[in-house]
Each structure stands twice: as structure tokens, then as C-alpha cells.
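FYI, the numbering just counts along the sequence from 1. Counting starts at 1 for both ligands and their atoms, in listed order.
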Amino acid sequence: MKVIFVKDYDEMSDKAYEFVVQAIEGSENPVVGLTTGGTPRGLMKRIVEGVNSKQIDVSNTTMLNLDEYIGPNEAVYSAKTYMYDNLYNLLETAPKNIFMPNGAAEDLDAEVQRYNEILAKHPRDIQICGLGTNGHIGANEPGTPFDSTTFIAQHTDATIASTMNEYGITREESPTEMLTQGFKEILESKHVVVFVSGSHKAEAVKAVIEGPVTTDWPATNFRDKDHVTFIIDEAAAALLNK
Ligand code: GLP
């Protein structure tokens, strides 16, 4: 994997946006995999500005998501709410396709299959990922096998705490499961970008960059993958030896 060090959240968002633009400009029918949470808010803003100022044209671009919480589509925490509030409702030109897992599907096994078929038909040029405080990617939590495929994951307590914090909800209101791309689908993307900001991610960054490769820290699965790029800001890199 490659690692790019940047100063702060804004520089991290700029760099991630550059990679998204490269992916969009580098393909006739680009497919861009996005994610939700605190980390991508700056990236979403940049995509909105880029599209609405006509710096980038997304009319041939397919956009899809890394994961979705199991719960109502309109929940404050849902990836659907996030994507429409932060991106899709703000774009003056719509992307060619928008795909999301349906976290409210009655038959979740069938939904996993449906989303996997969409992924198979839409190979990603870029997949953006955040990093959990426990090293998770999507909802590939500690202990998940490195060859996981799209599945319904149970969140750990650390992840539930992050969700409560991010969306200002109680433990009872917080979702505990997600439909997530597995490592297999994530790594099928031509380029995987993991971006990380803030001191609360420093322990995970240290484990991912300097610790042993282990399913205890899921993102260590990327250590030997040349098409994965980490973008890490100073606060998140603070515990690294060098
Ligand atoms: C969440 C989600 C991921 C997200 C990650 C980091 O639990 N499952 O999709 O990328 O954790 O979230 P944040 O950017 O808010 O730190």
C-alpha cells in the first residue's frame, strides 16, 4: 500500500477529491464507490462544488456505496440519508446511476445477493473508505476473515459508540448491523483510497502501518496491496515511530 501524509482534514479532503477526479476523468463510464461518516463530509462538499462549477462532469459516472446500516431508509444515520443530504440532492447534474444497499430490505440475504450483482456489473474505478477507530473497513470489523464477501455485519461496541457520536443518537437508537462490501469486493476496485483524520484514529493508524498483519486490525489486510492508498493527516499519524 502507498501512504500519503497530509497536514489536516482539509488537505486530506483535497487529496481524496483529486483521486476521485482522476478516476472520473480516466474512464468513459467511471464507477465511483463512496462511503459515509465524518471523514467524507469534506470530500462530498468538494464533489458538489466540482460538479456544480462544471469542473467535473458526472453524467456518465455511476456512484455507489461501500455499506449501509440495517434500519429504515430515512433514519438520520442511514447512508441513504447521508448521501442524499450531502451529495445527490445538491448536484445540479445527476450521476448516470446511483446504487445503494437497501438497509430496510425484508429479506437481507436476497439484498446481499442483489447488491453483489450490482457490484459485479459495475467494477469500481475507485472505492473510498474510512478507517474505524478499531481498524475496520466498511463494516469488516476485527475478526472478519481477509477474504470476506458482501455480508451483514454485526458492529462492535466501539463502532456503535462512533455511530452514536457521529449522528447524535442514543445506544437504543443506534443501528447494530450493516450490509457491507467484503474485502473481496473492496479490493476489486482499481484503486482503493482510505482516508484518515484526527487523533482518535491514531492508535488504528499505528496498528495498520506498523503492527503485525492480523484480522484483529482489519485494515492491515491492505499492507501488501499496491492499489491501496492511505491518506493520513498529522493528528492521525501522531503515534507513528517515523
Ligand atoms: C463507520 C462506517 C464506515 C466509515 C467508518 C469511519 O462505522 N461503517 O463506512 O467509513 O466507520 O467513520 P468516520 O469517518 O465517521 O470516522
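Pocket lining of ligand 1, defined as residues with a non-hydrogen atom under 4.0 Å away: Thr35, Thr36, Gly37, Gly38, Thr39, Asp67, Tyr69, Gly130, Leu131, His136, Gly138, Thr159, Glu166, Met178, Lys201.
Listed by chain and residue number, Thr229 satisfy the side chain to side chain donor-acceptor pair (under 3.5 Å) test with His191 (two or more places apart in sequence, or in another chain). Every residue two or more places apart in sequence or in another chain was checked for a side-chain contact (heavy atoms from CB on, under 4.5 Å) with Asn165, and none qualifies.
Every pair passing side-chain hydrogen bond (donor to acceptor under 3.5 Å, both in side chains) that includes a residue from residues 64-77 is listed here, sequence neighbours excluded: Asn73-Asn102.
Between Phe146 and Phe183, the ring planes lie perpendicular to each other; the angle is over 60°, past the 30° to 60° tilted range.
Just one of Thr133, Leu239, Asp233 meets the side-chain contact (heavy atoms from CB on, under 4.5 Å) condition when paired with Lys201; it is Thr133.
No donor-acceptor contact under 3.5 angstrom links the side chains of Thr159 and Ser162, judged on distance only.
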